[in-house]
Asks: 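First, the structure itself, so that you have it in front of you.
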Amino acid sequence: MSQNINGAEGTYSQVIAIDGPSGSGKSTIAKELASALNVLYIDTVAMFRALGFYADQKHIVLEEGPSLNEFLNSLTIDYGVSPTCLIKVNGIDLTEKIREHHVSKLASIISQLPSVRTYLLNFQRDLALNKVCVMEGRDIGTVVFPNSFSKFFITASVDIRAERRLKQLRESGDTSLTLEQIKDDVRKRDETDMNRVVAPLKKAEDAMLLDTSHLAMGDIINILSNEVKFRAAHLGFKLGSN
Ligand code: DC
């Protein structure tokens, strides 16, 4: 677990939890918030994407059982290796690969398996040990760090999220999908993420909800960083002290 802060109302972890659906803008927000607060940024989506991709390459059957356990036990994940290498699995740099559109589907499938979630939950808790950080994902405020001192649930309408995704794909030279196909993907992904049995995507009761559909990035970062600073000051601890 990350280092705990003892506040008047209980004990909190120093992780700033950012959850939300695909395309809500949470990655950009989490990165910029971490930079504004001068703390570490941890992208858990990259971990699920990397494992989904790697398992597919190795033709691992994605169901619970001894062979999945054996696969998980054989893994070494290196996260945040260098400014250009975000993630390695068993020594292979997957930083670029995990950004490909089809990997999102593989991540969604593997993320439904309880043993994979437990494996990454432990990995994520170890990474955040003794650090103030912004951690982005789907279940950070609900499952990984339910005692986070500052939680946000970032969302946006399906139309806006699909348009953002289309723009990203076009910028990376991918013209294979239409806006309608992406919208359909976004809806299906929401459905799977919100209805899976283990750690479904949902807002933690104590998370601040932010709809980014019509907000400028600068305003969003201001709102979030003010809230984090307020919470930290209230609990009496210093940010940016990694
Ligand atoms: O944002 P994305 O579509 O690239 O995410 C891929 C999948 O990863 C998504 O279907 C949910 C899963 N995921 C998760 O279940 N928990 C996390 N902490 C991060 C990602």
Side-chain angles (χ1 to χ4, degrees), residues 2 13 15-31 41-56 62 64 72 77 79-80 86-87 89 94-128 133-146 148 151-156 158 160-169 172 174 177 181-204 207 212:
S2 71
S13 112
V15 170
I16 298 154
I18 304 217
D19 293 305
S22 286
S24 56
K26 66 180 186 310
S27 293
T28 314
I29 293 170
K31 247 178 258 166
Y41 161 62
I42 299 179
D43 171 7
T44 68
V45 182
M47 298 167 197
F48 283 92
R49 282 181 163 244
L51 282 204
F53 176 80
Y54 189 79
D56 186 58
L62 293 179
E64 291 295 340
L72 292 172
I77 303 181
Y79 179 87
L86 179 68
I87 191 156
V89 177
L94 297 179
T95 310
E96 297 296 322
K97 272 282 160 213
I98 59 169
R99 298 299 161 209
E100 290 176 13
H101 184 70
H102 71 104
V103 182
S104 176
K105 181 88 192 292
L106 298 172
S108 175
I109 296 169
I110 206 165
S111 72
Q112 295 172 46
L113 294 166
S115 56
V116 171
R117 297 211 73 86
T118 304
Y119 177 88
L120 284 180
L121 175 129
N122 290 327
F123 182 75
Q124 289 155 13
R125 285 183 177 167
D126 285 350
L127 260 188
C133 64
V134 174
M135 190 177 278
E136 173 213 342
R138 297 290 202 286
D139 60 341
I140 310 305
T142 48
V143 176
V144 186
F145 288 104
S148 145
K151 301 180 186 179
F152 301 97
F153 192 85
I154 312 290
T155 188
V158 169
I160 298 266
R161 286 157 55 206
E163 277 163 25
R164 287 177 184 161
R165 188 80 193 112
L166 181 75
K167 189 164 171 267
Q168 268 174 0
L169 288 174
S172 69
D174 186 338
L177 294 167
Q181 286 169 317
I182 298 176
K183 259 188 218 174
D184 204 43
D185 268 5
V186 167
R187 281 195 203 97
K188 284 190 189 133
R189 189 60 34 80
D190 282 0
E191 181 72 16
T192 324
D193 287 353
M194 291 189 295
N195 293 307
R196 70 175 171 229
V197 181
V198 199
L201 170 68
K202 68 168 186 217
K203 180 187 159 304
T212 65

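All ligand and atom numbering here is 1-based and tracks the order in the structure. The residues of the chain are indexed from 1 along the displayed sequence.
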Asks: Does Arg117 reach ligand 1, in the sense of a heavy atom lying below 4.0 Å from it?
Replies: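 Heavy atoms of Arg117 do come under 4.0 Å of ligand 1.
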Asks: Compute whether any side-chain donor of one residue and acceptor of the other, for Ser172 and Arg99, lie under 3.5 angstrom apart.
Replies: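 On atom types as modelled, these side chains do not qualify, holding no pair under 3.5 Å.
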Asks: Determine whether the side chains of Ser22 and Arg164 contain a donor N or O and an acceptor N or O closer than 3.5 Å.
Replies: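 Note: Ser22 and Arg164 side chains miss the donor-acceptor criterion.
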Asks: Which residue and atom name correspond to the protein heavy atom nearest atom 1 (O) of ligand 1, and how close is it?
Replies: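 In this structure, atom 1 (O) of ligand 1 has Arg138 NH2, 3.2 Å as its nearest protein heavy atom.
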Asks: Please report which non-hydrogen protein atom sits nearest to atom 6 (C) of ligand 1, along with the residue it belongs to and the distance in Å to one decimal place.
Replies: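 For atom 6 (C) of ligand 1, the nearest protein heavy atom is Ala107 CB, 3.6 Å.
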Asks: Report, in ascending order of atom number, the atoms of ligand 1 lying under 4.0 Å from any heavy atom of Thr44.
Replies: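 Reading through ligand 1 atom by atom, the close ones are 17 (C), 18 (N), 19 (C).
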Asks: Between Gln124 and ligand 1, is there a nitrogen or oxygen pair with a distance under 3.5 Å?
Replies: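 Min N/O separation from ligand 1 is not below 3.5 Å for Gln124.
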Asks: At under 4.0 Å between heavy atoms, which part of Ser111 makes contact with ligand 1: side chain, backbone, both or neither?
Replies: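 The answer is the side chain.
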Asks: Check contact between Arg196 and ligand 1, using heavy atoms of the residue and a distance below 4.0 angstrom.
Replies: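 In this structure, Arg196 qualifies as a contact of ligand 1 - some heavy atom is under 4.0 Å.
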Asks: Would you mind checking which non-hydrogen protein atom is closest to atom 19 (C) of ligand 1, with the distance to 0.1 Å?
Replies: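 In this structure, atom 19 (C) of ligand 1 has Phe48 CD1, 3.5 Å as its nearest protein heavy atom.
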Asks: Please could you name the atoms of ligand 1 that Ser22 approaches to less than 4.0 Å, counting only its heavy atoms?
Replies: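 Here the atoms of ligand 1 in question are 1 (O), 2 (P), 3 (O).
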Asks: Which of the atoms of ligand 1 are close to Val45, meaning less than 4.0 Å from one of its heavy atoms?
Replies: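 In order of number, 1 (O), 2 (P), 4 (O), 5 (O), 19 (C), 20 (C).
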Asks: List for me each residue that meets side chain to side chain donor-acceptor pair (under 3.5 Å) alongside Ser104, sequence neighbours excluded, and say none if there are none.
Replies: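 Partners of Ser104 by the side chain to side chain donor-acceptor pair (under 3.5 Å) criterion, ordered by chain and then number, come out as Arg189.
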Asks: Applying a heavy-atom cut-off of 4.0 Å, say which part of Asp193 lies close to ligand 1: side chain, backbone, both or neither.
Replies: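 Side chain only; the backbone of Asp193 stays clear of ligand 1.
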Asks: Counting each atom of ligand 1 from 1 as listed, which ones have a heavy atom of Gly137 under 4.0 Å away?
Replies: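 Near Gly137, meaning under 4.0 Å from one of its heavy atoms, ligand 1 has 18 (N).
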Asks: Need the ligand 1 atom indices (1-based, order shown) with element for anything under 4.0 Å from a heavy-atom of Asp139.
Replies: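 The atoms of ligand 1 under 4.0 Å from a heavy atom of Asp139 are 18 (N).
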Asks: Test of understanding: with side-chain contact (heavy atoms from CB on, under 4.5 Å), list the residues that count as partners of Lys183, not counting sequence neighbours.
Replies: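 With sequence neighbours excluded, Lys183 shows a side-chain contact (heavy atoms from CB on, under 4.5 Å) to Val158, Asp159, Ala162, Leu179, Glu180, Arg187, given in chain and number order.
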